[in-house]
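Hydrogens, waters and symmetry mates are skipped; everything else that's a heavy atom, side chains included, is used. The structure presented is a predicted model; accordingly, all values stated were derived computationally and were not measured. One-based numbering along the sequence shown.
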Amino acid sequence: MIILGLSGALGHDSSAAIMVDGKIIAAAEEERFIRDKHAKNKLPLEAARYCLKEAGVRPDQVDVVAFPYGEIPLSSAARWHYAKRHWYAPDRALDALFNGNRRYRRNRDKAMQLMRDLGINKAEFVPVEHHLAHASSAYHLSGFKEKTAIVGIDGKGEYATTFFGYGENGKIHKIKEFYDPDSLGGMYGAITEYLGFEMLDGEFKVMGMAPYGDPTKYDLSRLVEFDGDDLKVNTKLVNVVGLRRYKEKGKGYYFTPELVEWLGPKREGDEIDDPYIHYAASVQALLEDIALKMIDHYVGDIIRETGRICMAGGVALNVKLNQRIIAMPGVKELFVQPASGDAGTALGAASFVAAERGEPVQAMQHAYLGPSFTTEECIAACEVHPAKPTFYRIENAAQKGAELLAAGNPLAWFQGRMEFGPRALGCRSILGDPSHSGVADRINAQIKYRERWRPFCPSMLDRVAVDLLQTEHPAPYMTFTFDVADHWKPRIPEVVHEDGTARAQVVTKETNPRYYALIEELERLRGVPVVLNTSLNRRGEPMICSPADALNMFYGCDLQYLIMEDVLVVKETASS
């Protein structure tokens, strides 16, 4: 059976994924093709075309189009809860009761128009509840065979914001859902806005800022409470709609004027300063503490029974929270879907339909699910680029790359299939030698143009991971932080964060042989089997997809070296 998953119903992070006979063939975000970060209010036309092409599937061969947004009946508690909690905005409350599937119908119609645009004329259209799609993207692709706790926490889907359940024998069972506006992700997103970042984009910046502050200096617990059974967000402060919103320069935010009266003016600029670093630390601690209590309350017995837990939803990308989940009593292994945000629901909807129809779903082996390009295509891109690049064909990309890194240079590294999800995992990366002091600041200031306090991540060879991270827990996707062993900290200072942790990627030869070879070469030259890794893009832009994108980015920043497959591109000021 051929199943195409299409996401984008929530107006951001649209994507497509294709499964054939229960196996993932391809998945990609629309933003990468159209060069518009988060692809707001765009459906995944180019991503879907790519997936069909990669799978070698004609549009008329698609059996099912799975869509991660479902109808919510009036008999569900979701719409009633939403209406009750939005009493202060009567138009919203009444709309939920009397026209509660308006957004579903609009999105369904757009998706069906997209099917027609793609020429998909024989497929069945199957909607899947948003949080079931998240749950499936984690459970069905984890490879776990035992009974598995499932946690989904994000801003919101149709109405649900939080999902607790379990997977057993290929079936997903709901235990508990919470509904908008009672959302940990919504609360954290509102504070993200207050701290001067964009919601659905800047949450990881808040997480990166948090270690610089003191979480005990300010008590933010009035934002949200969990009483052991029920979650309630304080909508006099955050996660608000309509007239309750704080407004500035014509824009409305998801927090209230009362929050500004309490905490002071909304933060502006890029510096980290008082009191905002402490607010970041406090909201991070609040998120962690409440999430852990809820996980223990609703699925703790399953964790203690089998030790298996999986997660998806935007909050599942909070790597500090994930570190604490791994440390919970009884947890043997946590699987976090690498595309945990809404882009991953295309994959989740497809895998959910496959499992429901009795197809054995194969576990996710890696996140390299996007387009790849040949050396000849990279050369062709160089030949037509207006900057008239100076480029050379090279015999050994891994060796040449390691030599450039060992000399202290940042390196743009473009190899193989593009990653699915927000993390660069060694195919669309900017790399540095983490033993070279100052390389992180150089990448931040000259290339990424991002906040100087943001951490960078280490990619390391699998054979050193246990010694460096002090754990045998799998970490292929940069979805967890770990405490770096003391004897490693002085060796790789550029990838150890303020709190002594690192958001690590453990690299295996099987999943990315060329990246593995590069790190091995760097170890031979510098004695360090670790490379600094950040995504190949500039601030505010999507990750690079094609050779042309890579060249445009290269000539729009101060990078000196770019390796695309077996092609080395150098700036005139650099020595090759």
Side-chain angles (χ1 to χ4, degrees), residues 32 366-368 370-375 377-379 381-382 389 391-419 421-434 436 439-440 442-444 446-448 456-461 478 494-495 505 507-509 511-523 525-526 528-538 541-571 574 576:
R32 311 283 171 85
H366 55 75
Y368 306 118
S372 63
F373 299 86
T374 64
T375 295
E377 286 173 310
C378 295
I379 291 172
C382 290
F391 63 93
Y392 309 90
R393 192 165 187 140
I394 52 179
E395 289 297 313
N396 189 327
Q399 184 180 332
K400 184 62 182 176
E403 288 169 2
L404 292 167
L405 292 171
N409 299 291
L411 171 67
W413 178 252
F414 179 107
Q415 303 287 330
R417 292 183 70 179
M418 181 180 71
E419 299 90 340
R423 306 282 177 250
L425 299 169
C427 286
R428 302 289 185 276
S429 293
I430 297 170
L431 307 178
D433 176 354
H436 262 285
V439 74
R442 191 172 156 197
I443 290 172
N444 252 347
Q446 298 178 1
I447 302 160
K448 297 287 280 190
F456 285 107
C457 306
S459 296
M460 65 195 65
L461 301 180
M478 279 189 195
E494 299 297 282
V495 290
Q505 176 197 7
V507 183
T508 64
K509 196 177 287 187
T511 55
N512 199 333
R514 187 169 277 204
Y515 193 37
Y516 198 91
L518 170 92
I519 303 171
E520 280 194 314
E521 282 292 324
L522 185 63
E523 180 185 32
L525 295 169
R526 296 279 295 174
V528 178
V530 182
V531 70
L532 178 155
N533 176 10
T534 186
S535 55
L536 184 55
N537 65 303
R538 290 174 299 180
E541 295 178 352
M543 204 187 299
I544 295 313
C545 177
S546 71
D549 301 335
L551 290 165
N552 290 340
M553 185 248 169
F554 183 65
Y555 285 103
C557 70
D558 290 338
L559 270 167
Q560 300 294 300
Y561 301 98
L562 162 66
I563 294 181
M564 298 191 293
E565 296 302 330
D566 293 325
V567 180
L568 170 65
V569 186
V570 298
K571 292 235 174 94
S576 59

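- The closest side-chain heavy-atom distance from Ile544 to Met564 is not below 4.5 Å.
- Side-chain atoms of Glu494 come within 3.5 Å of backbone N or O of Ala440 as a donor-acceptor pair.
- No side-chain heavy atom of Pro542 sits less than 4.5 Å from a side-chain heavy atom of Asn537.
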Kindly indicate, with the supporting measurements, whether the criterion side-chain contact (heavy atoms from CB on, under 4.5 Å) is fulfilled by Ile519 and Met460.
CA-CA 7 Å; Ile519 303 171; Met460 65 195 65; over 6 Å; no

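- Not one N or O on the side chain of Asp433 forms a donor-acceptor pair closer than 3.5 Å with the backbone of Ala407.
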Check the pair Thr508, His366 against side-chain contact (heavy atoms from CB on, under 4.5 Å), reporting the backbone distance first and the verdict last.
CA-CA 10 Å; Thr508 64; His366 55 75; over 6 Å; no

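- You'll find the side chain of Glu419 reaches within 4.5 Å of the side chain of Tyr368, heavy atoms only.
- The stretch residues 552-561 participates, sequence neighbours left out, in no salt bridge (charged side-chain N to carboxylate O under 4.0 Å, His left out) pair at all.
- For Val567 against Cys378, the heavy-atom pair with the smallest separation is CG2-CB, 4.1 Å.
- In terms of the ring-ring contact (aromatic ring centres under 6.0 Å, His included) criterion, His436 has no residue partners (sequence neighbours excluded).
- Side-chain atoms of Phe414 and Leu551, non-hydrogen and from C-beta on, never get closer than 4.5 Å to each other.
- In this structure, Ser546 and Pro371 have side chains that are not in contact, with every pair of non-hydrogen atoms separated by 4.5 Å or more.
- For the pair Gly426 and Asn512, the tightest heavy-atom approach, listed with the atom from each and the gap, is O-ND2, 3.7 Å.
- Nearest heavy-atom pair across Ala402 and Leu522 is CB-N, 3.6 Å.
- Summarising the geometry of Met478 relative to Arg423, their closest heavy-atom pair is O-NE, 3.5 Å, with the distance given to 0.1 Å.
- The minimum heavy-atom distance linking Gln505 with Leu425 is given by the pair NE2-O, 3.1 Å.
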Using side-chain contact (heavy atoms from CB on, under 4.5 Å), reason through Trp413 and Arg514 one step at a time and then give a plain yes or no.
CA-CA 11 Å; Trp413 178 252; Arg514 187 169 277 204; 3.8 Å; yes

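- Leu518 places a side-chain heavy atom less than 4.5 Å from the side chain of Leu431.
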How far apart are the C-alpha atoms of Asn409 and Arg442, what are their side-chain angles, what is the distance that settles it, and do they pass the side-chain contact (heavy atoms from CB on, under 4.5 Å) test?
CA-CA 9 Å; Asn409 299 291; Arg442 191 172 156 197; 4.3 Å; yes

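- Taking all atoms of both residues into account, the shortest heavy-atom contact from Met543 to Arg428 is SD-CB, 3.7 Å.
- Between Glu403 atom CD and Tyr561 atom OH the span is 11.5 Å, to the nearest 0.5 Å.
- Looking at Phe456 and Pro434, their side chains never come closer than 4.5 Å, going by heavy atoms from C-beta outward.
- Glu565 is linked by a side-chain hydrogen bond (donor to acceptor under 3.5 Å, both in side chains) to nothing, counting only residues two or more places apart in sequence or in another chain.
- The shortest distance between side-chain heavy atoms of Tyr515 and Val531 falls below 4.5 Å.
- Formation of a donor-acceptor pair under 3.5 Å by the Arg538 side chain with backbone atoms of Gly556 is found in this model.
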